Visitor: 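Take a look at this one; I'll ask things after.
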Amino acid sequence: MKYDELFALLRRRGVLWPSAEIYGGVQGLYDYGPLGTALKRRLEEAWTAWFVGLSPDYHLIQPSEFLPEAVVRASGHLENFTDPEVTCESCHAAFRADTIVEKVRPDGVDGLTPAQIGEILRANQLKCPNCGSPALSVPTPFNLMFPVELGVTGHERAYLQPETAQGSYLAFARMWDVGRHALPLGIAVIGKAYRNEIAPRQVLFRLWAFTQAELQIFFDPAGFPVPFAQVAAEPLPVLRVDRRQQGEEAPEFVRAEELVRSGGLPEFYVYHLAQSYRFYRDVLGYPADRLRLFEKSDVERAFYNRIQFDLEAHLESLGGYKELGAVHYRGNYDLSRHSEGSGKDLSVHPTGREPLLPHVLELTFGVDRHLWALSDLHLGKDGERTVWKLPPYLAPVTVGVFPLIEKDHGAYALEVADELVREGLAARYDDASSIGKRYARMDEAGAPYCVTVDGESLAEGPAKGTVTLRARDSRSQERVPVRELAPRLRAAVRLPRPPRS
RNA sequence: GCGGGCAUAGUGUAGUCUGGUUAUCACAUAGGCUUGCCAAGUCUAUAACUCGGGUUCAAAUCCCGGUGCCCGCACCA
């Protein structure tokens with residue numbers, strides 16, 4: 001579906017809309033409506049079930065979203081997120097100051113004041129890379145983090161977290177103590193991140209405030225055992241750096257064991273990459289031919305990342321592959337920075353081993369981006385009708401309940417719906433207009449099932465009454481005893497989990 | 001931020017070039033009648049010219065500006 005069409009449909013159905021719409025809306029801020037909120041919660045539950053389910057040593061926590069200044073200084077965000085911006089007064093293009101001065105000062109501009117950088121620009125007569133004009137402005141700092149003043153005096157300075165990962169690193173020492181003193185130790189966080197983007201774009205893909213689901217796994221670099229056999233034969237759609245450099249854009253399927261044997265990647269990395277890919281394909285139901293594992297080159301990834309593959313999906317609405325998540329091997333960068341910054345030694349002493357500073361494998365996912373992808377990849381036309389083919393456990397509404405004839409079967413249908421709600425299922429009663437329209441409405445909302453109460457249901461009596469159960473994708477119907485509805489639907493919405501090793 | 005394009009009910013649109021009746025049509029929403037297993041029919045109701053200024057007897061329509069959105073560039077450790 002095209003971008004405009006998809007966004008209009010999501011607005012109309014109350015999945016999401018621009019924030020502060022009555023004031024004209026603000027680019028980069030969106031509200032989720034009832035369907036969007038329910039879908040987001042289910043997506044987060046599915047993510048947790050899958051990734052925390054990978055190991056009994058992976059745990060979900062919820063850290064603070066405020067980071068004290070000392071934390072972001074240690075993490076490098078204060079430095080790296082405060083980019084001095086230089087604008088050309090002739091063509092008005094904007095650049096980061098360090099990219100302009102790197103020819104004469106390869107060390108970058110860290111620690112220099114804007115005035116000093118301005119002096120370097122003048123002294124070397126540096127020119128605008130875009131139009132060649134020497135009319136470059138004095139740099140102004142552009143902070144990508146939102147500062148907050150804590151307390152009445154505001155002396156305590158903090159920042160809204162620009163990524164959820166830091167909360168996990170801060171929690172590591174405590175988690176080690178409350179845990180069983182063993183590696184690997186996984187810390188999962190689903191939380192908001194805030195970035196003062198220069199130009200938010202494309203609805204849920206560049207936001208001021210967005211939700212990340214991240215799993216930070218702390219492990220012993222000398223050995224990180226994983227049940228690799230589970231994924232060894234899995235073909236993965238990778239696009240590696242060497243093929244990219246030949247101008248290739250399409251992925252090629254390579255078995256996980258090949259990536260280890262001849263691809264130079266460690267087992268623990270490929271295992272988690274493969275499980276992430278399976279989450280996209282098997283849990284979220286993304287078509288395999290729309291997915292790509294995109295390797296980032298030395299210059300593209302952050303310096304502390306040793307291996308990075310972005311997990312991308314080809315989205316028609318956005319006209320190409322878009323990053324939805326990534327797997328980063330970050331080495332021990334984060335813990336060493338926080339050891340230094342906090343003065344607390346974060347190295348650990350596992351039983352029977354020398355003390356060591358754990359390495360980190362980071363699995364990161366953009367929740368909002370996945371919401372868009374779930375719309376793009378699953379919502380579309382099936383002949384005349386518009387159907388949102390969400391996996392049942394993700395669908396905001398599990399079952400629509402209708403009376404065939406409102407005045408005859410309405411009361412009983414309401415009872416059936418109410419009973420399903422009491423059973424913990426997302427059931428929605430509807431008696432508006434014709435039966436066909438109700439099916440159509442439910443198809444568009446992504447409800448995988450509909451139940452219709454008719455004359456037979458009443459005649460058979462409450463003990464062994466049957467109703468028709470209609471499946472969204474096939475439109476097929478079968479008669480099912482009312483008492484079997486709840487168990488059957490519950491089974492259909494059970495969240496997939498990875499197999500235990 | 002820069003350049004280009006666009007802006008009409010909840011959604012999608014006609015009308016704008018060439019200013020002039022009560023702003024078109026469909027879907028959606030609410031209600032009535034009818035029907036009764038896949039968006040049927042019928043009646044009724046709700047509902048819009050992005051904002052500000054200018055030109056004119058008269059502006060959705062022409063001009064200027066603001067705002068927003070889309071695309072491209074730049075930005076996205």
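Below, chains carry the letters A, B, ... as their sequence lines are ordered, and counting in each starts from 1. Computed from a prediction, not measured in an experiment: that's the story for all the values here.
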Visitor: Both distances below 3.5 Å, Watson-Crick or wobble geometry, any strand: find the nucleotide opposite G65(B).
Guide: C51(B)

Visitor: Just how far, in rounded Å, is P of C38(B) from CZ of Arg438(A)?
Guide: 12 Å

Visitor: Using the P atom on both, measure A23(B) against U46(B) and round to a whole Å.
Guide: 14 Å

Visitor: In whole Å, I'd like the distance from the CG atom of Leu469(A) to the P atom of C38(B).
Guide: 16 Å

Visitor: Looking only at N and O atoms, is any donor in the side chain of Arg206(A) or the base of C75(B) less than 3.5 Å from an acceptor on the other one?
Guide: yes

Visitor: Please name the nucleotide paired to A9(B) by Watson-Crick or G-U wobble geometry with both distances under 3.5 Å, or report none.
Guide: none

Visitor: In whole Å, what is the span from the CZ atom of Arg441(A) to the P atom of A30(B)?
Guide: 7 Å

Visitor: What's the closest nucleotide to the side chain of Leu404(A) if the choices are U11(B), G36(B), A39(B)?
Guide: G36(B)

Visitor: Taking the C1' atom of each, how far is C51(B) from C69(B), in whole Å?
Guide: 15 Å

Visitor: Write down the partner of A30(B) under the Watson-Crick or G-U wobble criteria, each distance required to be under 3.5 Å.
Guide: U44(B)

Visitor: Measure CZ/Arg11(A) against P/A28(B) and give the value in whole Å, please.
Guide: 18 Å

Visitor: Is any side-chain N or O of Glu163(A) under 3.5 Å from a base N or O of A77(B), one able to act as donor and the other as acceptor?
Guide: yes

Visitor: Could you work out the separation of U44(B) and U24(B) based on their P atoms and round it to a whole Å?
Guide: 15 Å

Visitor: Rounded to the nearest angstrom, tell me the gap between atom CG in Asn196(A) and atom P in G1(B).
Guide: 13 Å

Visitor: Counting side-chain heavy atoms from CB outward, which of C37(B), A39(B), G36(B) is closest to Gln477(A)?
Guide: C37(B)

Visitor: Among the candidates G12(B), C37(B), A39(B), find the nucleotide nearest to the side-chain atoms of Thr386(A).
Guide: A39(B)

Visitor: Report yes or no: do Tyr429(A) and Asp418(A) form a side-chain donor-acceptor pair below 3.5 Å?
Guide: no

Visitor: Nearest nucleotide by nearest heavy atom, which residue falls closer to the 5' end of RNA chain B, Tyr304(A) or Leu9(A)?
Guide: Leu9(A)

Visitor: Could you tell me how far A39(B) sits from G20(B) if I compare only their P atoms? Round to whole Å.
Guide: 42 Å

Visitor: Which sits closer to the 5' end of RNA chain B, Ala302(A) or Arg12(A), going by the nucleotide each is nearest to?
Guide: Arg12(A)

Visitor: Does OP1 or OP2 of A28(B) have a side-chain N or O of Lys437(A) closer than 4.0 Å?
Guide: yes

Visitor: Not counting sequence neighbours, which residues clear side chain to side chain contact (heavy atoms under 4.5 Å, CB included) with Ser342(A)? List them please.
Guide: Lys344(A)

Visitor: I want to verify a distance call: between G36(B), C76(B), G12(B), whose nearest atom is closest to the Arg195(A) side chain?
Guide: C76(B)

Visitor: If you take atom types as modelled and just measure distance, does the side chain of Asp454(A) reach the base of C37(B) with a donor-acceptor pair under 3.5 Å?
Guide: yes

Visitor: Send over the distance from Leu67(A) CG to A77(B) P, rounded to a whole Å.
Guide: 17 Å

Visitor: Under a 3.5 Å cutoff, is there a donor and acceptor pairing between the side chains of Thr466(A) and Glu460(A)?
Guide: yes

Visitor: Rounded to whole angstroms, how far apart are CH2 on Trp208(A) and C1' on C75(B)?
Guide: 11 Å

Visitor: Between Phe219(A) and Tyr329(A), is the ring centroid distance below 6.0 Å?
Guide: yes

Visitor: When the P atoms of C63(B) and G4(B) are considered, how many whole Å apart are they?
Guide: 16 Å

Visitor: Classify the side-chain pair Gln161(A)/Gln166(A) by whether it contains a donor and acceptor separated by less than 3.5 Å.
Guide: no

Visitor: Has the side chain of Tyr3(A) got a donor or acceptor that lies under 3.5 Å from a partner of the other kind on the base of C70(B)?
Guide: no

Visitor: Taking salt bridge (Lys or Arg N to Asp or Glu O under 4.0 Å) as the definition, give me every residue that meets it alongside Glu444(A), ordered by chain and number, with sequence neighbours left out.
Guide: Arg12(A), Arg13(A)

Visitor: Determine the Euclidean distance between corresponding P atoms of G15(B) and U21(B); express it in Å to zero decimal places.
Guide: 16 Å

Visitor: So which nucleotide does U18(B) pair with, by the Watson-Crick or G-U wobble rule with both distances under 3.5 Å?
Guide: none

Visitor: Could you tell me how the ring of Phe279(A) sits relative to the ring of Phe365(A): parallel (under 30°), tilted (30 to 60°) or perpendicular (over 60°)?
Guide: perpendicular

Visitor: If you measure from the C1' atom in U18(B) to the same atom in A60(B), how many Å do you get, rounded?
Guide: 15 Å

Visitor: For a side-chain contact (heavy atoms from CB on, under 4.5 Å) check, start with the C-alpha distance between Tyr169(A) and Leu346(A), then their side-chain angles and the critical distance, and finish with the verdict.
Guide: CA-CA 10 Å; Tyr169(A) 305 144; Leu346(A) 293 175; over 6 Å; no

Visitor: Between the base of C38(B) and the side chain of Arg470(A), is there a donor and acceptor pair under 3.5 angstrom?
Guide: yes

Visitor: Under a 3.5 Å cut-off for both distances, is C73(B) Watson-Crick or wobble paired, and to whom?
Guide: G1(B)

Visitor: Ser434(A) side chain N/O closer than 4.0 Å to the phosphate oxygens (OP1, OP2) of A39(B)?
Guide: no

Visitor: Rounded to whole Å, how long is the line connecting atom CG of Leu10(A) with atom C1' of U11(B)?
Guide: 12 Å

Visitor: Can you identify which nucleotide, out of A39(B), G36(B), A77(B), has its nearest atom closest to the His77(A) side chain?
Guide: A77(B)

Visitor: How far, in whole Å, is U56(B) from C62(B) if one measures between their C1' atoms?
Guide: 10 Å

